[in-house]
Amino acid sequence: MADMEALERELVSLVQGNSPENRRKFALQAKSDGRKVIGLLCTYAPEEVIYAAGMLPWRVTGTWDSNLGKATVYRDMDSCRYCTHALEALLRGQMEFLDGVVDSDWDDDRRRVFDTWVYVSKPAFTATFTAPKSKSEIMERYFCREMAQIISSLEDFSGTRITNDRLWQAVKVYNKTRRLLLRLYELRKRAAPPVTGAEVLGIVTASTVMDKADFNNRLERLLPYIESRVLPHTRAEPRIMVSSDMLDNPRFIEIIEGEGCKVVMDDLDTGSRYFHRLVDENADDPVSAIAHRYCWRPADPVGFNWEEQIQQIIEWARDWRCDGVIELYESFSPARRWRAPFLVRELGRAAIPLTRIARGYDAGGAEQIKTRVGAFLEMLAKTPV
Amino acid sequence: MFLDEQVQKLQRRVRNIEQNPRPEFLKCTKLRYQLELERYLHVLEAWKQGKPFAVSDSIDSILQAMGFEAQGYIAWGDRVSNPQKYYDIAINKLGFPDQTCDRTITALGLFLSGEVPIPRLMAARRIPCDPERWSLMAAAKFTGVLFLELARLNNNGDENIRCIADQEAALIEYAEKSVPGIKYDESKLIELMEADQQSLYYLRDTYELRKRVPCPISPQDSFRLMTMPSRYPNPARVVEYSKAYRDEMFERADKGIGGVREEKLRIAWLATGPYGRSTFDLLSKKGVSIPWFHYGRAAHYFGLIRDDLGDEGKYGRKLNPLEEMARFFNTNTWAGPSTDWVDPLIKACRDLKIDAVVDFLQVGCIPTINLKRITAQRLKEELGIPTLDLEGREHFATEAGTINMNKKLEEFIDMCIANKG
Ligand code: SF4
């Protein structure tokens with residue numbers, strides 16, 4: 001019994017790994033171990049190469065509160081809130097430990113936050129790369145070359161040679177993270193999942209700020225306990241998939257689940273899209289193998305391939321037996337707004353109920369989200385199975 | 001119907017110029033309108049004949065070299081006379097976003113209205129901006145038109161040129177396989193690129209003239225974008241127009257004719273020209289000339305970025321025609337890193353003795369809105385000149401909004417003139 005309580009406490013601690021109080025600790029620990037810490041603004045950044053250089057790749061999370069007084073000097077309020085909250089965190093001095101920042105050309109606005117970042121804080125190390133927006137051999141070849149450039153700048157910066165051996169070691173660690181997270185996600189297929197959607201989001205985002213080897217040890221230790229865990233779900237609760245981008249605050253999922261449903265799957269770049277697809281450990285060349293994984297990972301709404309993105313949602317919804325999909329789009333996400341009519345049409349054709357609800361980045365506006373979720377669940381309850 | 005309306009509008013404009021010539025405007029503008037008119041008539045005829053159309057935001061020359069008729073998209077949306085109609089189609093009927101700029105949503109509505117041809121192929125790339133790309137994607141995906149994308153790449157250099165050229169080759173192969181009668185003709189592409197380059201050379205000659213005080217070009221003429229011969233049915237005539245434009249500028253400069261009656265202030269205007277006559281009239285009345293209109297292609301067109309057809313210096317080798325197109329792609333400074341946008345702006349402001357800058361921000365324009373602070377700060381730090389952020393809309397400006405905007409502009413102009421002494 002005592003063991004169970006200790007494990008539960010350990011689980012809670014892991015779930016809270018990316019909370020405002022905790023996320024810095026991992027970075028500061030790495031610094032005190034003599035490692036450099038590199039902030040990542042894009043989940044397409046090939047983390048393995050940074051890890052192989054002996055540094056800690058650390059995903060940038062924005063402030064979770066609503067005060068944006070510093071960032072709005074540089075940014076319009078009607079634009080991507082993740083970018084604004086991330087900049088706010090930087091300008092408040094909450095990321096003073098970062099030695100560098102890496103970003104991609106993910107979208108026009110992210111590019112601007114990177115520009116401002118570099119202009120204001122002049123980090124010692126910066127790198128940008130082309131996020132693969134379509135899946136083709138041409139783009140993969142190019143991504144490989146960009147990775148080679150990043151590797152060489154990292155080598156210059158760190159003074160460490162990033163050998164193939166180091167890359168393969170990093171790949172093993174990262175693939176292990178992916179396998180463990182997949183195992184966790186598989187548990188959500190159960191009729192009564194042993195973890196909530198909010199907990200899962202907490203765990204995945206914790207992995208983005210922790211050393212992956214430490215994260216792996218902790219999750220591996222916890223998985224047998226999670227497998228045996230029983231949550232007080234009622235079986236009749238609808239099974240929901242949440243789709244969004246840059247959603248890293250589990251509070252949003254708690255709000256949804258609080259209305260009487262189980263979030264059993266997600267289409268998030270801080271969730272399933274972050275870790276799906278492994279790097280081929282039997283390939284000849286680690287750089288090409290890593291590039292291949294990032295180019296062919298599940299697609300994001302900013303990409304060119306809307307059909308594929310939506311097909312992926314449909315497949316996941318079927319595999320995890322979701323009763324409906326909630327697109328919890330960030331209010332100012334142009335990519336999702338442009339895609340919306342297409343998403344509505346295609347999920348309609350697949351007979352998957354969908355509701356689209358706007359959100360901010362801090363978890364304000366909870367009442368509105370609750371009302372909309374409540375209405376959706378009510379609609380699902382009336383829909384004949 | 002949109003195309004007929006354009007024909008009538010241009011016919012009216014040509015008549016107007018003939019009947020009421022205005023000395024402050026360039027005379028060659030009449031030829032420009034005639035070329036536009038020819039283009040719309042050509043589109044109407046090609047549509048009637050059932051020829052295959054294609055839309056792209058950047059690679060018209062390649063599409064034409066394959067035998068497609070080039071069709072406008074954003075540029076056509078810019079010209080509609082009843083934007084509400086198209087807005088209703090895109091937003092109210094189909095649910096596309098109302099937070100984007102007027103340009104992208106109106107273009108989409110027009111495309112879906114049935115008033116323009118449905119192309120066989122649409123191609124977009126990651127520039128000029130995301131909304132433009134998404135608008136094109138939405139149009140294609142809603143109508144089932146073949147859609148192909150070319151990624152603009154983040155880092156410049158030889159690898160970049162090769163990769164874009166590979167993507168272009170893949171697009172050609174795909175189009176040839178998918179659309180009957182389509183066949184890529186490389187010599188045609190070279191011909192079109194050469195015509196474009198020739199026009200560019202003429203335009204560049206005028207950069208020096210813009211340094212003169214008074215600036216020989218009127219504010220309204222400053223905002224007329226360069227016409228690329230490759231986009232017209234008769235490219236040779238467009239080259240003639242470019243030459244006429246240059247010659248006329250020289251003539252005006254030699255005679256000391258300014259674009260405004262008494263030049264009091266020299267402004268660089270950013271991003272998009274203002275919409276509506278009242279702003280031009282205000283600028284003229286106040287003696288404000290616009291020696292520099294900074295838009296995505298300006299730095300290359302006017303020679304601040306020298307990366308031209310056939311130039312072997314930059315890459316240390318001769319590029320093939322598709323690589324040349326890629327090179328051309330990359331000279332666009334729009335929606336890229338802030339340095340791509342601000343560095344040439346600073347150079348132009350220094351060269352052209354600019355007193356102040358107006359950053360014209362379209363509501364919903366992502367690439368500009370969150371760059372404004374860096375732009376203004378750098379202009380202040382590096383040149384000591386002030387910037388006005390001016391928000392405006394292309395189609396849905398209210399009367400009160402326009403009055404407000406002009407008032408803000410006027411106050412800024414007055415302040416700058418007073419400071420200039
Ligand atoms: S106004 Fe801005 S968002 Fe709209 S098409 Fe132009 S660059 Fe794109």
Side-chain angles (χ1 to χ4, degrees), chain A residues 72-76 78-80 83-84 87 103-116 118-120 127-134 136-139 141-143 145-146 148-149 301-307 331-342 344-346 356, chain B residues 90 93-100 104-105 108 124-131 133-135 137-138 141-142 147-155 157 159-160 162-167 169-170 334-339 341-342 361 363-374 377-378:
Chain A
T72 46
V73 170
Y74 291 92
R75 294 183 52 80
D76 197 88
D78 291 352
S79 48
C80 166
C83 296
T84 309
L87 190 65
D103 190 25
S104 73
D105 61 349
W106 165 273
D107 70 15
D108 291 339
D109 208 4
R110 183 79 69 71
R111 206 191 260 286
R112 291 292 167 254
V113 87
F114 179 76
D115 284 333
T116 314
V118 173
Y119 179 73
V120 173
T128 58
F129 63 94
T130 306
K133 303 254 171 30
S134 55
S136 70
E137 281 176 24
I138 296 174
M139 286 316 296
R141 268 202 308 272
Y142 188 73
F143 191 62
R145 290 182 199 126
E146 291 218 310
Q149 273 182 22
V302 289
F304 289 112
N305 37 12
W306 286 353
E307 296 86 350
S331 306
F332 299 100
S333 161
R336 284 195 175 255
R337 283 179 166 264
W338 278 102
R339 197 188 69 169
F342 196 72
V344 170
R345 189 179 80 181
E346 297 305 306
R356 303 186 62 249
Chain B
K93 204 163 138 206
L94 296 171
F96 284 101
D98 56 1
Q99 281 173 340
T100 189
T104 45
I105 207 67
L108 175 63
R125 63 187 170 123
R126 289 227 56 242
I127 191 158
C129 64
D130 282 334
R133 170 171 70 95
W134 285 318
S135 180
M137 274 169 70
K141 291 181 189 229
F142 245 75
F147 175 80
L148 285 163
E149 72 284 342
L150 290 139
R152 186 219 192 192
L153 309 167
N154 204 45
N155 298 310
E159 295 293 1
N160 174 317
R162 284 179 207 270
C163 178
I164 296 174
D166 284 350
Q167 293 178 64
W334 189 243
S338 68
T339 43
W341 179 246
V342 186
L361 308 159
V363 172
C365 177
I366 301 171
T368 46
I369 209 90
N370 291 324
L371 183 56
K372 62 183 182 194
R373 181 66 190 247
I374 295 181
Q377 281 189 355
R378 283 197 55 194

Heavy-atom cut-off 4.5 Å, strictly under: side chain, backbone, both or neither for R378(B) against chain A? both
The interface call for R75(A) against chain B, heavy-atom contacts under 4.5 Å, is both
Hey, could you give me the CG/NZ distance between D130(B) and K133(A), rounded to the nearest 0.5 Å? 7.0 Å
The interface call for V73(A) against chain B, heavy-atom contacts under 4.5 Å, is both
Separation of F304(A) CZ from R133(B) CZ (nearest 0.5 Å): 4.5 Å
Which atoms of D78(A) are under 4.5 Å from chain B, going by heavy atoms: the side chain, the backbone, both sets, or neither? neither
Considering only heavy atoms and a distance below 4.5 Å, find which of R336(A), E307(A), R141(A), R337(A) pairs most often with chain B. R337(A)
Is the shortest side-chain heavy-atom distance between F142(B) and R345(A) below 4.5 Å? yes
Heavy-atom pair of closest approach, residues W134(B) and V302(A): NE1-O, 4.0 Å
To check you understand the geometry: which heavy-atom pair defines the closest contact between N370(B) and D76(A), and what is its length? OD1-N, 2.7 Å
For R339(A), which atoms come within 4.5 Å of any heavy atom of chain B: side chain, backbone, both, or neither? neither
Are side-chain heavy atoms of W306(A) and M137(B) found at a separation under 4.5 Å? yes
Ranking A340(A), C83(A), S136(A), S134(A) by heavy-atom pairs under 4.5 Å to chain B gives rank one to S134(A)
Give the minimum heavy-atom separation between D166(B) and I138(A), together with the two atoms involved. O-CD1, 3.5 Å
Part of Y119(A) lying under 4.5 Å from any heavy atom of chain B: side chain
Nearest heavy-atom pair of M139(A) and C163(B): which atoms, and what distance? SD-SG, 4.4 Å
Of all heavy-atom pairs between G95(B) and P341(A), which one has the smallest distance, and what is that distance? O-CG, 3.5 Å
So what's closer than 4.5 Å to chain A heavy atoms on L108(B): side chain, backbone, both or neither? side chain
Please give me the minimum heavy-atom distance between Y74(A) and R373(B), naming the atom from each residue. CD2-CG, 3.4 Å
Answer with side chain, backbone, both or neither: which region of S331(A) has an atom nearer than 4.5 Å to a non-hydrogen atom of chain B? backbone
Counting N and O atoms only, with roles assigned by atom type, does the side chain of D108(A) sit under 3.5 Å from a partner on the main chain of I366(B), one being a donor and the other an acceptor? no
When you compare the side chain of N305(A) with that of F147(B), does any pair of heavy atoms fall below 4.5 Å? no
Nearest-0.5 Å distance, CZ of residue R145(A) to CZ of residue R162(B): 8.0 Å
What part of T100(B) gets within 4.5 angstrom of chain A, counting heavy atoms only: side chain, backbone, both, or neither? side chain
Applying a strict 4.5 Å limit to non-hydrogen atoms, the region of L94(B) in contact with chain A is backbone
Measure F332(A) against the heavy atoms of chain B and call it side chain, backbone, both or neither at under 4.5 Å. both
State which residue, out of T339(B), V342(B), I374(B), fulfils the side-chain contact (heavy atoms from CB on, under 4.5 Å) condition with D115(A). I374(B)
